[in-house]
S.K.: 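Just dropping this structure here.
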Amino acid sequence: MKFKLKSNYKTIPEQEKAVNDLVKNISKNVKYQTLLGVTGSGKTFTVANVIEKLQKPTLIISHNKTLAAQLYQEMRDLFPKNAVSYFVSYYDYYQPESYIPSTDTYIEKDSAINDLIDKLRLAATTNLLTRKDTIVVASVSCIYNIGSPIEYSKFVFEMIKGMKIDRNQTIDRLIDLQYERSEFGFHRGTFRVRGDKIDIYPAYTENAVRIEIENDLIKSINTINPVSGELIEKISSSFALYPAKHFITDPTIHKEAFNDIKKDLDKQVKYLKEKGKLLEAQRIFQRVNYDLEMIKEVGYVKGIENYSRYFDGRCEGDAPYSLLNYFSKSVDDDWLVIVDESHITFPQIRGMFAGDFSRKSTLINYGFRLPSALDNRPLKFDEFLRRIPNFIALSATPDEWELSLSQGHIIEQLLRPTGIPDPEVEIKPTTNQIKDVIEEIKKEIKDKRRVLVTTLTKKTAEDLSAYLNEQGLKVQYLHSDVDTLDRTDILDNLRRGKYDVLVGINLLREGLDLPEVGLVAILDADKEGFLRSKTSLIQTMGRAARHVKGRVIMYADRVTGSIEKALSEVRRRRQYQLKMNKKYHITPKSIEKPFREKLIEKEGESETEKALGYGANTYAKLPEIDINGLTPMDKKRLITNLKKEMLLVAKELNFELAAEIRDKIKLLN
């Protein structure tokens, strides 16, 4: 299918010029370009038009999951008939393996994987290998190791009506593809066998597939509802099933991989002994042999990714396989890269390798990992640049690096279609700033507008949220500790009026499209640093540029260099917009943005969990839960949610309810 843009909006002349310039440059093989567009100028819509004109598979990279989710929703609405995917880290919680020599503290890897995000990641790679009309919106997770696309595509199981295969062969093939047999808990990545019928729940789709085998031939292939088993669609000829996990290896190479691991283990033990590190030598010997035994017996061990180089067939120092390889395998170099908020995203990509290398080096030096663990890593920045065919950098405040690399191919988009100028900015003293913020918030609430308040730390954001709630305001904090999928719900709830105020740090800075926000309050604006730099201040003030009455208050006792430069740039842009409004007879008008569908409808939520009000943070008493009526999967999911609720109500000092939830968790265990 071709990319087909669907929208009620039309490009204005400035957007049309930007689209034509970008398309023309790519057609001339210009590798690097920058689209300098002010907040609210419609950069996303411009990019969507570029995608439609070029008809190339596209990777859009954002620096945080919240913005990636927003872009995914927008692209999904703009291209409803095309394959739009979401690819971010699937960890709700992640504690990397590490060692602190000064205190002799070893911290084991601990994580909680979000199954819904895992499903979307698998859908992204499947789309890339099967469709040309694919857009993937990703975080910097796209530069991390996910296994070879060649190996992944080798394991595709194509089922064709009339194909000769017996039931046992089919079961063995499904297990090779990392699908688990489960007769009771039928969920993504599992299959069940009922006579000559085999139901498979692909790890990357909404519906399941039923294969019926008769006389060792595939008689029928149908799409079914995974809960009710009802027929949804008859598949006429064939169905291709992709693996349930990205990291998948050919069992025939395991023996060779084990031999290589043992050789490297012998070298490392010898090296550590020569250095007089006898404890470390004994430690690495025991750990690696234990890992090999586990892999041999059960096919998996915690930290198996540290051995990925051997199973991938890579040489020492070779770059890992990432999402970029899936694009290249699908269409060679004929694809497009969009880097959103490039002034933040590029430095983030650049910094990933160094942090990973430092942590792994310590683990290797103290005998916790083999040197090969260094090859399970994010891409280096130069490796990233070599793997992408081009990029269009999007930002209201692009950095010098992308501007210089663009070599004059800088397209400006400074006019907002709505006619809204950059907001007026007021500077107030920090004395009694909280009291003043409360008064300003009440004014905005009276006129049914929303407020964003930015602080300098997470702790301050949480404490301020709690204090404002005590004052009778509807407030929620938003920062990186909030679960990925909950962030988009919080933003939607702000727009809908469940909250009047969001308090945050970095997540309230770039790219958020919240047309109901009338006031942005920046606390401690004169504290020079990353969060109060010229770029950060311009980006933060831009959140008020989507409402016709948008305004900004900075609380500062002195005008720093960053404040002065930011104010100068905002005034320049404001004057330009007012001048163009006069020229084109534009009357400023607030954006009216429809509420989009949720990023993902949270699935598997039982009536018990709904009664608990998971995510609502407030309920008076624990409802009755029929433990005997729960499946093992329901119990596991419910325990996870109950633990979160227990911590939330304890934080609200409702210790009686927290204790009641704790007792219920014990019963479930």
Side-chain angles (χ1 to χ4, degrees), residues 66 423-483 486-509 512-525 531 540-556 590 593 595 613-620 644-645 647-654 657:
T66 309
E424 291 277 15
V425 183
E426 184 180 0
I427 299 178
K428 291 186 175 184
T430 58
T431 308
N432 297 322
Q433 59 181 347
I434 303 303
K435 183 179 178 183
D436 189 76
V437 161
I438 292 171
E439 293 304 314
E440 294 292 347
I441 288 170
K442 288 177 179 177
K443 290 178 190 174
E444 296 298 312
I445 292 173
K446 190 176 179 182
D447 291 330
K448 297 184 178 178
R449 293 191 290 270
R450 314 286 183 262
V451 180
L452 301 181
V453 180
T454 67
T455 65
L456 289 171
T457 67
K458 293 178 185 177
K459 184 71 168 64
T460 308
E462 293 177 11
D463 290 347
L464 180 58
S465 297
Y467 179 73
L468 294 178
N469 275 312
E470 288 172 8
Q471 305 306 307
L473 302 172
K474 295 183 291 183
V475 184
Q476 174 65 37
Y477 64 80
L478 184 74
H479 56 57
S480 57
D481 289 347
V482 177
D483 286 351
D486 290 339
R487 294 179 200 173
T488 53
D489 291 344
I490 288 170
L491 294 172
D492 281 344
N493 287 334
L494 177 78
R495 295 195 59 210
R496 294 177 189 276
K498 181 176 179 180
Y499 307 123
D500 292 317
V501 185
L502 278 191
V503 183
I505 316 164
N506 251 350
L507 296 183
L508 299 184
R509 211 175 83 194
L512 290 183
D513 188 359
L514 302 168
E516 293 78 13
V517 170
L519 171 65
V520 172
I522 304 173
L523 302 184
D524 302 309
L531 292 171
T540 305
M541 289 189 280
R543 299 313 105 220
R546 297 183 183 265
H547 197 288
V548 73
K549 292 189 177 179
R551 61 196 180 98
V552 174
I553 299 176
M554 285 188 190
Y555 291 92
S590 293
K593 180 183 172 186
F595 291 104
Y614 172 56
N617 298 4
T618 52
Y619 44 82
K644 291 182 180 180
E645 290 297 329
L647 294 173
L648 285 169
V649 296
K651 191 178 285 187
E652 293 169 0
L653 307 183
N654 191 346
L657 182 55

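Residues take their numbers from the sequence shown, with the count starting at 1.
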S.K.: So does Gln433 get a backbone contact from the side chain of Lys428, meaning a donor-acceptor N/O pair under 3.5 Å?
M.R.: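 Side chain of Lys428 to backbone of Gln433: no pair is present.
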
S.K.: Dump the intermediate steps for side chain to side chain contact (heavy atoms under 4.5 Å, CB included) on Leu502 and Ile490, then the final yes or no.
M.R.: CA-CA 9 Å; Leu502 278 191; Ile490 288 170; 3.5 Å; yes

S.K.: Looking at every non-hydrogen atom in both residues, tell me the closest pair between Ile427 and Ala556 and how far apart they are.
M.R.: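 Between these two residues, the closest heavy atoms are CG2-O, 3.9 Å.
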
S.K.: Considering all heavy atoms of both residues, which atom of Val552 and which atom of Ala544 are nearest to each other, and what is their separation?
M.R.: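 In this case the closest contact between Val552 and Ala544 is CG2-CB, 4.1 Å.
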
S.K.: So, taking the atom named OG1 in Thr455 and the one named CG in Asp463, what distance separates them when rounded to the nearest 0.5 Å?
M.R.: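 Interatomic distance, Thr455 OG1 to Asp463 CG, rounded to 0.5 Å: 9.5 Å.
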
S.K.: How far apart are the closest heavy atoms of Ser465 and Gln476, and which atoms are they?
M.R.: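 For Ser465 versus Gln476, the nearest heavy atoms are OG-C, 3.9 Å.
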
S.K.: Output yes when a side-chain donor or acceptor of Arg543 lies under 3.5 Å from a complementary backbone atom of Leu514, and no otherwise.
M.R.: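 Checked: no pair found.
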
S.K.: Measure the spacing between CD1 of Ile438 and OH of Tyr467 and express it to the nearest 0.5 Å.
M.R.: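 The distance works out to 4.5 Å.
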
S.K.: Mark yes when over 12 heavy atoms from residues, nucleotides or ligands other than Gln471 sit less than 6.0 Å from its CD; otherwise mark no.
M.R.: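 Enclosed: over 12 neighbouring heavy atoms sit under 6.0 Å from CD of Gln471.
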
S.K.: Looking at Arg496, Arg546, Arg495, Arg450, which one forms a salt bridge (charged side-chain N to carboxylate O under 4.0 Å, His left out) with Glu516?
M.R.: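 Per the salt bridge (charged side-chain N to carboxylate O under 4.0 Å, His left out) rule, the option paired with Glu516 is Arg495, out of Arg496, Arg546, Arg495, Arg450.
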
S.K.: How long is the gap from OG1 on Thr460 to OH on Tyr477, to the nearest 0.5 Å?
M.R.: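 If I round to the nearest 0.5 Å, the distance is 13.0 Å.
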
S.K.: Stepwise, does the side chain to side chain contact (heavy atoms under 4.5 Å, CB included) test hold for Lys458 with Ile505?
M.R.: CA-CA 7 Å; Lys458 293 178 185 177; Ile505 316 164; 3.5 Å; yes

S.K.: Determine whether Val451 and Glu440 satisfy the following criterion, side chain to side chain contact (heavy atoms under 4.5 Å, CB included), listing intermediate values before the conclusion.
M.R.: CA-CA 9 Å; Val451 180; Glu440 294 292 347; over 6 Å; no

S.K.: State the CG-CG distance between Leu531 and Leu523, to the nearest 0.5 angstrom.
M.R.: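 Here the rounded value is 12.0 Å.
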
S.K.: Restricting to non-hydrogen atoms, name the atom on Pro423 and the atom on Gly550 that form the minimum distance, rounded to 0.1 Å.
M.R.: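 Taking every non-hydrogen atom into account, CB-O, 3.5 Å.
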
S.K.: Report the C-alpha separation of Ile553 and Val437 in whole Å, then their side-chain angles, then the decisive distance to 0.1 Å, and conclude whether the side chain to side chain contact (heavy atoms under 4.5 Å, CB included) test is met.
M.R.: CA-CA 9 Å; Ile553 299 176; Val437 161; over 6 Å; no

S.K.: What's the separation between atom CG in Asp489 and atom CG in Leu494, rounded to the nearest 0.5 Å?
M.R.: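 One gets 12.5 Å once the value is rounded to the nearest 0.5 Å.
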
S.K.: Please find the pair of heavy atoms, one from Pro429 and one from Tyr555, that lie closest to each other, and give the distance.
M.R.: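 The answer is O-CD2, 3.5 Å.
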
S.K.: Under 3.5 Å, side chain of Asn469 to main-chain N/O of Val475, donor-acceptor pair present?
M.R.: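 Yes; judged by distance alone, with no hydrogens or angles, the pair exists.
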
S.K.: Does any part of the side chain of Val520, heavy atoms only, come nearer than 4.5 Å to the side chain of Met541, both counted from C-beta?
M.R.: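 The answer is no; the side chains never approach within 4.5 Å.
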
S.K.: I need the minimum non-hydrogen distance between His547 and Val517, along with the two atoms involved.
M.R.: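 Answer, listing the atom of His547 first, then Val517: CB-O, 3.3 Å.
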
S.K.: Are Glu462 and Lys459 close enough for a salt bridge, meaning some N to O gap below 4.0 Å?
M.R.: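 So Glu462 does not pair with Lys459 through a salt bridge.
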
S.K.: Are side-chain heavy atoms of Glu444 and Asp500 found at a separation under 4.5 Å?
M.R.: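 Not touching, per the 4.5 Å side-chain cut-off.
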
S.K.: Enter the distance from Thr457:OG1 to Asp524:CG here, rounded to the nearest 0.5 Å.
M.R.: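 These two atoms lie 9.5 Å from each other.
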
